[in-house]
Amino acid sequence: MLRLRDISHTYRTRKSGETHALGGVSFDARPGEVTAVIGPNGSGKSTMFGLVTGGLALQQGSVTLDGQPVGGARTGVVFQSPALDQYLSVFENLAYHAMLFGLRLKRSDLPAELIDGLDLADRLDTRVDELSGGFQRRVELAKALMTEPELLVLDEPFTGLDPAVRDGFFAMLEQATTSRGLVTLLVTHDLGMATRCARVVLLDSGRVAADARPSELLAGFGSTVVVIRGRELHGIEAQVREAKGPRTLRVADDALLLCDTSLRDVLKILDEHDPRIEDIEARRPSLDDYFVSVSGFHPQGGIQELEAA
Ligand code: ADP
Ligand code: MG
């Protein structure tokens, strides 16, 4: 178990003076689970990343893995910006990385299950700059996992990946985490991906604003939400209310979010009134929905909750 306790961090620079980046952050991340760390820009995610990976010196509080200071643990790191030598082949990048750990890596030393699992076997001699962005990320993951870490920490690893590649990369990450019993900390602003993690820790202004399973945060949303877009939504709001239908949140001037419902029920309500709709979408709730419901889009202060659940 990775345990952060009462972590505070202050940057001191000549230019901007003191910045309190983290103020009393505590949370746990369990082995075999991907824990997402999310939060708006400037909320302290990268600072937390630096403290866990040893890039930044701890000023206050403690970071331990199974009770020991995290500095002594084997940690795999995937940085936000690519950390591969573009002119070397995949194998050369892995071998060079192993060398930093004092290992002379022969091809036969490569863990087959890792290389096959990431589908890199046929690409070991390919120069990194000839690989797609998705494959470059896989090489980074291979690098991070090669040294058999107990802790894996990734900072925004999905940047620049298209959705299909991103989903595949996440699946590999999840698979590696469960099968190896890794403690995996995933810093991301991709709320769709965070929804798929075992746990999410939300940082806001250097503090933990939420620490829960996504299903706990989404408990009130049911298994399906329906989003309606259109110009004249007041009428629809009234209809839904009249029908004693789903809980309704106004999430933008031109969008309504109907929670805990089914497309069929919503269509039934709409059918009777024939309103002007531009677009309607039914999907599983994601953390995006949770955030609009707590932080609120509405310019006049918060989401307008029209019907309590
Ligand atoms: P995030 O990764 O969530 O965007 P950061 O941890 O990068 O947040 O930043 C948290 C706060 O600390 C911000 O106010 C940021 O401006 C400040 N900060 C981050 N790095 C430095 C630094 N090296 N020097 C001074 N201030 C910093
Ligand atoms: Mg950051």
Side-chain angles (χ1 to χ4, degrees), residues 29-30 32-40 134 154 156-159 161-175 177-178 184-202 209-230 233 236-237 239-241 243-271 277-298 302-309:
R30 290 163 189 73
E33 290 187 351
V34 181
T35 300
V37 177
I38 58 180
L154 307 95
E156 301 283 6
F158 307 121
T159 309
L161 300 187
D162 69 52
V165 177
R166 179 201 60 192
D167 286 358
F169 185 76
F170 182 80
M172 288 174 192
L173 185 62
E174 207 172 30
Q175 151 71 17
T177 300
T178 44
T184 297
L185 217 51
L186 170 66
V187 176
T188 183
H189 65 257
D190 187 325
L191 295 180
M193 288 296 107
T195 308
R196 292 167 56 178
C197 292
R199 261 195 117 70
V200 278
V201 173
L202 166 65
D211 176 5
R213 299 193 175 274
S215 58
E216 290 165 355
L217 297 178
L218 293 173
F221 290 81
S223 58
T224 306
V225 296
V226 176
V227 181
I228 300 174
R229 289 187 192 78
L233 294 173
I236 299 174
E237 286 172 7
Q239 290 152 24
V240 173
R241 198 165 17 192
K244 299 226 182 311
R247 178 173 148 227
T248 309
L249 300 170
R250 174 67 82 108
V251 293
D253 280 337
D254 61 352
L256 278 184
L257 175 70
L258 309 183
C259 307
D260 198 8
T261 187
S262 70
L263 186 57
R264 186 195 296 161
D265 287 349
V266 173
L267 288 178
K268 207 154 72 191
I269 298 170
L270 297 180
D271 244 3
I277 285 177
E278 281 172 14
D279 181 48
I280 185 162
E281 172 197 9
R283 53 171 172 75
R284 291 170 64 81
S286 99
L287 287 172
D288 287 290
D289 302 318
Y290 171 77
F291 284 109
V292 292
S293 80
V294 292
S295 64
F297 147 81
H298 217 263
I303 292 277
Q304 294 177 342
E305 176 119 2
L306 299 170
E307 187 92 357

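Note: hydrogens, waters and symmetry copies are ignored here, and every other heavy atom, side chains too, is used.
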Query raised in the report: For E281, which residues count as a side chain to side chain donor-acceptor pair (under 3.5 Å) partner, sequence neighbours excluded?
Result: R283

Query raised in the report: How close do A282 and V226 get, heavy atom to heavy atom, and via which atoms?
Result: CB-CG2, 4.2 Å

Query - Spatial distance of atom CZ (R264) from atom CG (D271) [nearest 0.5 Å] - result: 12.5 Å

Query - Student check: side-chain heavy atoms of I277 and I236 closer than 4.5 Å - result: yes

Query raised in the report: Roughly how far apart are L258 CG and E237 CD, rounded to 0.5 Å?
Result: 9.5 Å

Could you list the donor-acceptor pairs under 3.5 angstrom formed between side-chain atoms of residues 187-197 and any protein atom two or more places apart in sequence or on another chain?
residue, atom, partner, partner atom, Å
T188, OG1, D190, N, 2.9
H189, ND1, E156, OE1, 3.1
H189, ND1, E156, OE2, 3.0
D190, OD1, G192, N, 3.1
D190, OD1, M193, N, 3.1
D190, OD2, R166, NH1, 3.1
T195, OG1, L191, O, 2.6
T195, OG1, L287, N, 3.0
R196, NH1, D167, OD1, 3.3

Query raised in the report: Does D211 have any salt bridge (Lys or Arg N to Asp or Glu O under 4.0 Å) partners at least two apart in sequence or in another chain, and if so, which?
Result: R199

Query - Any residue meeting side chain to side chain donor-acceptor pair (under 3.5 Å) with T177, in chain and number order, not counting sequence neighbours - result: T184

Query raised in the report: Which atom pair, heavy atoms only, marks the closest approach of P285 to V225?
Result: CB-CG1, 3.9 Å

Query raised in the report: Which word best sums up how the rings of F158 and F170 line up, parallel for under 30°, tilted for 30 to 60°, or perpendicular for over 60°?
Result: tilted

Query raised in the report: Residues two or more places apart in sequence or in another chain: which of them pass side-chain contact (heavy atoms from CB on, under 4.5 Å) with S215?
Result: R213

**Report entry** Smallest separation among heavy atoms of C259 and L249, with atom names
**Finding:** SG-CD1, 4.0 Å

Query - Reported CZ-to-CZ distance for the pair R247 and R241, which is rounded to 0.5 angstrom - result: 15.0 Å

Query raised in the report: Mind checking whether I280 and L270 have side chains closer than 4.5 Å, heavy atoms only?
Result: yes

Query raised in the report: Who are the side chain to side chain donor-acceptor pair (under 3.5 Å) partners of D254, not counting sequence neighbours?
Result: none

Report task. To the nearest 0.5 angstrom, please state how far the CG atom of L257 sits from the CG atom of D289. Result -> 5.0 Å

Requested in this report: Just jot down the side-chain contact (heavy atoms from CB on, under 4.5 Å) partners of A209, sequence neighbours excluded, or say none.
Outcome: L202, D204

Query raised in the report: Partners of R30 by side chain to side chain donor-acceptor pair (under 3.5 Å), sequence neighbours excluded?
Result: none

Query raised in the report: Sub-3.5 Å donor-acceptor pair from the side chain of T248 to the main-chain atoms of P246, do we have one?
Result: yes

Query - Sequence-distant partners of A243, side-chain contact (heavy atoms from CB on, under 4.5 Å), two or more places apart - result: I269

Query raised in the report: Is there side-chain contact between F291 and I38, with at least one heavy-atom pair below 4.5 Å?
Result: yes

**Report entry** Qualifying residues under side-chain contact (heavy atoms from CB on, under 4.5 Å), relative to A171, sequence neighbours excluded
**Finding:** none

